[in-house]
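See structure below.
Computed from a predicted structure; not experimentally measured. Throughout, a chain's letter reflects where its sequence line sits, starting with A, and its residues are numbered from 1.
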Number of protein chains: 2
Amino acid sequence: MPATLREVAERAGVSVRTVSNVVNDFPQVAPDTRAKVQRALDELGYQPNAVARTLRRGRSGLIALVLPELDVPYFAELTRAVIEQAAAAGYTVVVDQTDGDPVRERELVMRGSRAAMFDGLIFNPLALGDADLRDRPSSTPVVLLGERVVQGGLDHIMVDNVGAAELATRHLIALGRQRIAAIGDQSDESRQTGRLRTQGYQNALRAAGVEVVPELIRPTEFFHRADGAAAMADLLALPDPPDAVFCYNDLLALGALRTILSRGLRVPEDIALVGFDDIEDGRYSTPSLTTIRPDKTQIAKHAVQLLLNRLDGDQSAPAEVPADYDLVVRESTTGISTY
Amino acid sequence: MPATLREVAERAGVSVRTVSNVVNDFPQVAPDTRAKVQRALDELGYQPNAVARTLRRGRSGLIALVLPELDVPYFAELTRAVIEQAAAAGYTVVVDQTDGDPVRERELVMRGSRAAMFDGLIFNPLALGDADLRDRPSSTPVVLLGERVVQGGLDHIMVDNVGAAELATRHLIALGRQRIAAIGDQSDESRQTGRLRTQGYQNALRAAGVEVVPELIRPTEFFHRADGAAAMADLLALPDPPDAVFCYNDLLALGALRTILSRGLRVPEDIALVGFDDIEDGRYSTPSLTTIRPDKTQIAKHAVQLLLNRLDGDQSAPAEVPADYDLVVRESTTGISTY
DNA sequence: CTGAAAGCGCTTACAG
DNA sequence: CTGAAAGCGCTTACAG
């Protein structure tokens with residue numbers, strides 16, 4: 001059992017108030033009282049009880065980051081950025097994973113359960129939408145990440161998926177490709193990302209006068225390597241396979257790359273590839289991956305800042321913050337230069 | 001402000017005790033009392049205060065997983081496994097990242113700070129060793145992961161690094177390779193992993209009568225792709241480059257692979273490659289990666305089980321649990337079969 | 001500069 | 001089956 005404040009006070013022959021003053025480094029403590037208390041503190045190896053302190057103060061110093069999947073590199077990299085930003089503000093981040101499961105998302109965000117020890121939440125939903133989030137019983141501030149459209153009056157940071165997908169597709173068009181496929185469309189109403197990127201892809205094709213061919217738009221259930229590999233196999237089985245593919249994230253692109261190379265085809269000579277996310281894997285694949293790079297540091301910075309504002313009592317209208325992105329051109333569209 | 005138990009009690013015209021009984025689903029509540037209370041609960045949107053509950057109960061239902069780096073795929077994949085195992089036991093896992101920084105490791109594990117709201121800790125140290133962990137002031141149970149040797153009387157799960165490295169190296173020897181390099185040695189006293197794997201590598205070479213060539217053993221600061229790429233470049237600059245490389249993790253191997261391919265060399269024809277960890281990236285690279293596969297599910301299962309035992313008051317001697325592993329042979333040593 | 005005491009929001013023996 | 005009350009370990013206005 002760790003020592004309590006009262007035990008320290010008894011040992012030092014002072015009141016708990018004075019011990020608390022010393023523990024919290026308050027200035028108005030007489031030097032020799034401080035020394036006496038400090039000795040008792042050391043002897044008993046006192047550690048403040050964080051739970052009691054939180055109950056009393058009304059703040060834990062903890063914020064939760066709730067993400068679909070920690071082992072998706074984009075989220076892992078984003079997590080690193082959020083942890084750094086929060087640490088700079090004196091907050092500790094704890095991370096939780098939902099697998100995009102609506103039940104788990106609801107449980108974590110509605111905080112019915114014991115997860116409710118956090119001062120605030122940064123939440124990237126996959127399944128939950130406007131309706132679910134509208135009347136949370138909790139007053140814990142939430143900042144939303146990602147494309148799930150929520151009009152429910154919560155701060156929200158997202159990349160312009162349509163614009164980014166257009167940019168990626170235009171790049172392939174500019175390369176002179178004519179049969180440009182897309183991997184990652186999602187028919188599921190609750191998954192917005194795929195739909196929005198398909199929209200941008202189609203916009204770009206139409207603007208360039210390139211025909212939109214439905215069979216070149218491949219839906220996937222998830223955005224994992226395996227999905228990309230399978231979708232690419234389907235595309236290669238087409239009578240007239242594509243000469244370029246826009247994959248809705250880098251994991252899909254890496255899966256597609258594996259399939260292409262395993263058939264003895266070349267990237268980008270036979271098929272050019274563009275991904276999305278700029279995860280580290282894509283910088284080290286051969287060929288390296290041309291991709292859309294969302295500014296993860298900026299996303300993290302905004303998310304933490306918005307949350308801190310709310311914690312400070314900011315009552316202003318919910319913010320809709322667009323995150324910057326750009327196109328990073330690498331070997332999967334320009335070719336490998338062996339040196 | 002969320003409603004409190006007392007407010008619900010007043011509204012329902014009962015005592016807090018009765019409300020608590022309803023909230024916690026205790027059976028001995030009269031049906032109509034229950035209904036009355038339930039109505040008040042619903043009307044006020046009552047959510048129990050998890051902090052107060054934890055203070056009172058002495059348990060939060062939260063366990064912390066403290067890892068060096070979340071964006072290293074091995075740890076991300078391990079995290080998934082731990083979350084699954086803990087969830088099965090009714091615990092929620094929160095994850096924290098130390099970057100192997102001794103200051104952060106100490107802060108989190110010694111729980112000087114507000115992180116101290118967890119019932120238990122699963123900790124993979126990088127910098128902290130025996131001495132540091134010996135006299136923790138806290139009584140929160142800890143289970144250690146990884147190779148950092150700790151005799152301090154804590155439960156500990158680790159893979160046999162020496163044995164696994166021998167297995168990997170023997171595989172390369174069996175392929176007939178003669179100049180087998182190693183990437184990932186660590187001279188730093190506090191980093192055990194590299195040293196142990198080098199030992200296994202050397203054991204295997206000696207047992208096979210292959211000369212140990214110091215210049216073929218490359219130290220790296222971290223176990224990241226960039227380190228592997230740089231170390232491989234050094235090896236290729238040697239007058240007599242290796243014909244095989246054992247990389248101490250898959251990330252190093254993926255970096256090395258990138259360097260090899262970018263020089264126009266072939267894997268495995270010119271240089272065979274073996275990694276360690278079996279991360280998903282290595283299953284989708286071209287060529288796919290031969291690797292040592294630690295049983296991550298088993299590690300997670302043991303870690304959670306050991307922790308639960310301690311939480312249940314288990315006072316037995318600290319356990320040293322070896323984790324299973326095996327060699328997964330893929331294209332980076334056997335060659336790519338295009339189909 | 002320090003003490004005695006209230007209270008954060010729960011849970012739970014103790015009565016009845 | 002339900003109420004009045006103590007207490008988990010802190011922090012902090014209120015006195016002095």
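Here C:dG3 presents its P atom at 13 Å from CD of A:Glu10, a figure rounded to the nearest Å. Distance, B:Phe26 CZ to D:dC1 C1': 14 Å, rounded to whole Å. Rounded to an integer number of Å, the gap from A:Arg6 CZ to D:dT11 P is 15 Å.
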Please write out the pairs of protein N or O atoms and N or O atoms of nucleotides 5-7 of chain D separated by less than 3.5 Å, giving the distance to one decimal.
from	atom 1	to	atom 2	distance (Å)
D:dG7	N2	B:Arg56	NH1	3.0
D:dG7	N3	B:Arg56	NH1	3.4

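Under the side-chain contact (heavy atoms from CB on, under 4.5 Å) criterion, B:Thr33 pairs with B:Val14, B:Thr18, B:Val29, B:Ala30, B:Val37, not counting sequence neighbours. Among residues two or more places apart in sequence or in another chain, the side-chain contact (heavy atoms from CB on, under 4.5 Å) test is passed with A:Pro68 by A:Phe75, A:Thr98, A:Asn124, A:Leu126. A:Asn24 pairs by the side-chain contact (heavy atoms from CB on, under 4.5 Å) definition with A:Ser20, A:Phe26, A:Arg53, A:Arg57, not counting sequence neighbours. Partners of B:Glu10 according to the side chain to side chain donor-acceptor pair (under 3.5 Å) rule, which considers only residues two or more places apart in sequence or in another chain, do not exist here. For A:Phe222, the ring-ring contact (aromatic ring centres under 6.0 Å, His included) test picks out A:His224, with sequence neighbours left out. Partners of B:Gln305 according to the side chain to side chain donor-acceptor pair (under 3.5 Å) rule, which considers only residues two or more places apart in sequence or in another chain, are B:Asn309. For B:Ala86, the side-chain contact (heavy atoms from CB on, under 4.5 Å) criterion is met by B:Ile63, B:Tyr91, B:Val93, B:Val304, not counting sequence neighbours. Under the salt bridge (charged side-chain N to carboxylate O under 4.0 Å, His left out) criterion, A:Lys301 pairs with no residue, sequence neighbours left out.
Helical stems in DNA chain D, defined as runs of 3 or more consecutive Watson-Crick or G-U wobble pairs with both donor-acceptor distances under 3.5 Å, are listed by first residue as C:1-3 with D:14-16, C:5-12 with D:5-12, C:14-16 with D:1-3.
Interface residues of residues 28-38 of chain B facing DNA chain D, ordered by number: B:Gln28, B:Val29, B:Ala30, B:Thr33; criterion, heavy-atom separation under 4.0 Å.
In this structure, B:Asn24 reaches the C:dT11 phosphate: one of its side-chain N or O atoms is under 4.0 Å from OP1 or OP2.
Among pairs with a residue in residues 26-39 of chain A, those fulfilling salt bridge (Lys or Arg N to Asp or Glu O under 4.0 Å) read A:Asp25-A:Arg34, at least two apart in sequence or across chains.
For the pair B:Asn21 and B:Ala52, both in contact range of DNA chain D, the more 5′-proximal nearest nucleotide belongs to B:Asn21.
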